[in-house]
Amino acid sequence: MNRVRVRFAPSPTGFLHMGGSRTALLNWLFARHEGGSFVLRIEDTDRERSTPEYLNAILEDLRWLGLDWDEGPECGGDFGPYLQSERSGSYAPHVEKLLETGDAYRCFCSPEELEEKRSRAQAADGGWIYDRKCLGLSDDERDSLLAEGRPSVVRFRVPAGKTSFDDMVLGKIEFDNAELDDLVIVRQDGTPTYNFAVVVDDLEMAITHVIRGADHISNTPRQIVIWKALGHEPPTFGHQPLVLAPDKQVMSKRRGAIAVGEYRRRGYVPEAVVNYMALLGWSYGGDQEFFSLDELLQNFDMSRVSKKPASFDPNKLDWMNAQWLKRLDVADRTERVTPFLRAEGLLAETLEPEERSHLERVVELLDDRLKVLTDIVELAGFFLAPHVVYDKIAVSKVLAKPGADEILVGLHGVLSGCPDFQPETLEGAMRKFAEDAELSLGKVVQPLRVALTGRTASPGIFETLSLLGREVSLARIDAARGLAE
Ligand code: GLU
C-alpha cells in the first residue's frame, strides 16, 4: 500500500473554529499514527473572501495547537505549491482530457436561462437538475458558438449508475448518480470549481485518505466520479460527524463557534483545547480523561471516532482547562500567565530572577483558583500593581463599618512589630491581637483583606501578607484608612 498522505485544506475566508481544528487534529493523528505525511493545503481560490490575515491566523492557530505539518505553506515540499491560487496551471490539462474523452462538455446556457428553468421546475414539483441541453450540441454547433465568443462553462458528465464508498468513519455510503447534477467544473472565467480543483489537487499531491467534516459527504460522490473519469482510483474517504452547539443545532459562528485564536486570547491552554476536541465525539475507551497530544497519538484508533454528531459543551471545556492548568508545574504556569500580565502593564518586559520567583510564589498561592490564564489579572493584579484598585462595595461593606478603622490601626502596630514576615509568625501575631481585642479572627482579617487587595476575596491572608512584604502591607493599610473616612 502507498504511504499514507492526508491533507487539511482550510479556506482562508475565516478563522479556524472548533470543527475545522478537530478535522485538522484527526488528520494529524491519522498521519502520525500511520507514519505518513500531513499536508496543509490552503484553498484560497475565493479571491474576494480570502485574506492573508485569515491565512496567518490559521497557521498560527495550528501551531499553537501543536499540529505541525510536513508539507505546506512556509515549509514547502515536493508537491507544491500549497496555495491553491498558485496551482491554476494544473487544471487545464485535466479539463482537456475530460473534454476529449467526452466525460465533460461545454455548456453555453446562460445563468438567466438556467434560473428560469429552475424556477419553473420548482413551481411545478420542486427538484431540477441540469437538463443536458448542451450535451446535445453537435461539434459544429459548439465550434460556431465558441467562434462567436459566447461565454461557456465546462460541465462534468455524470455517468449513470450508483456511486458508493466505504467511509472510514461512517461505513458504506451509496448515492444514485441520477441525483447528481452534471456539475460545472470550470466557470465562465476559466477558474475551476471546488469539486474539480479538490480532485486535481488531491490527485497531484498523491493524497491517499481524505478525512474531513460530514458537511462534505454530498461532494464525495461527485469527486469520486471525476477521479474515475481521470483514470485513477479515488482515495479512501472518512467523514467526521459535525459538532453541534449546546442547542443541538450545527455549530456556526452565530451558534457558539469560537475561533481557536479567541480561546488563546481568553487564556485557554492548547493542551486543554486539543484534549477536549479529541474527546468530542471520539471514545478513547477506559476511564482516562486527560490526554496530551502524545498520549492521544499513542492511543489513536480511527474506529473509535463516533458515527454520531457530538455536542459541544463549553462548561466541560472550561473544566478541562482548569484541570490542565492544575497539572502544569508552577514554573510552566508562571511562564504562561506572563504575557497576560504584561499586556496589562503589570510586568516589565524582562524579569529579574527575584521578580520571577516572586511571581512563581504568587501563582503557586493562587493554586486552583486559576481557571483560565487571564484570571491571573483579576486574581493577582494587586500583588503586582503599585496601587490597589478598591472595589467600592468592599469599601462600603467592610472598611466603612464601625470598628474597622480601629482594627486597621491595631494591625498596623502588630505588623510593624512582627519580628519577621513569615506566614506562621503573622498568623500567631494576628491571632493574639484578635484574642486581646475579643474579636473573631474573621472580623480582624476582613478589613485587612480589603485594605491589601481591594476586594473581599483573596488567597490566604497570611501568605498574601507575607508575599506583599511589610513595607507594601503597611502602606496599603494607611491608604485604606484614608478611604474609609
Ligand atoms: N476547503 C474546504 C473547506 O474549508 C475543505 C475541502 C476538503 O476538505 O475537501 O471546507
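Values below: all heavy atoms of this structure, side chains included; hydrogens, waters and symmetry mates excluded. For ligands, and for the atoms within them, numbers begin at 1 and follow the listed sequence.
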Quick note on ligand 1: atoms under 4.0 Å from a heavy atom of Y194 include exactly 6 (C), 7 (C), 9 (O)
Polar contacts were defined as any N/O atom of the residue lying under 3.5 Å from an N/O atom of the ligand; does this apply to A9 and ligand 1? yes
In terms of ring plane angle, is the pair Y54 and F15 parallel, tilted or perpendicular, where the classes change at 30° and 60°? perpendicular
Using the side chain to side chain donor-acceptor pair (under 3.5 Å) rule, pick out the option among H232, R7, Q223 that qualifies with D202. R7
Suppose we measure from atom 10 (O) of ligand 1 to each protein heavy atom; which comes out shortest, and what is that distance? H216 NE2, 3.0 Å
Proximal ligand 1 atoms for R212, defined as those under 4.0 Å from one of its heavy atoms: 7 (C), 8 (O), 9 (O)
Honestly, is R155 close enough over Y130, meaning NZ or CZ under 6.0 Å from the six-membered ring centre and within 45° of the axis? yes
Nearest protein heavy atom to atom 4 (O) of ligand 1, by residue and atom, and its distance? S11 OG, 3.4 Å
Is ligand 1 less than 4.0 angstrom away from at least one heavy atom of F8? no
Within the 3.5 Å criterion, strictly below it, is a donor on N321 or Y263 matched to an acceptor on the partner's side chain? no
With a cutoff of 4.0 Å, is Q223 in contact with ligand 1, counting heavy atoms of the residue only? no
For residues V186 and Y91, determine if any side-chain heavy atom of one lies less than 4.5 Å from a side-chain heavy atom of the other. no
Which atoms of ligand 1 sit under 4.0 Å from any heavy atom of E43? 1 (N), 2 (C), 5 (C), 6 (C)
Students often mix this up, so state it plainly: with edges at 30° and 60°, are the rings of F291 and Y284 parallel, tilted or perpendicular? tilted
Per-atom filter on ligand 1: closer than 4.0 angstrom to a heavy atom of R7 are 7 (C), 8 (O), 9 (O)
Can you tell if the side chain of E141 reaches within under 4.5 Å of the side chain of F108, non-hydrogen atoms only? no
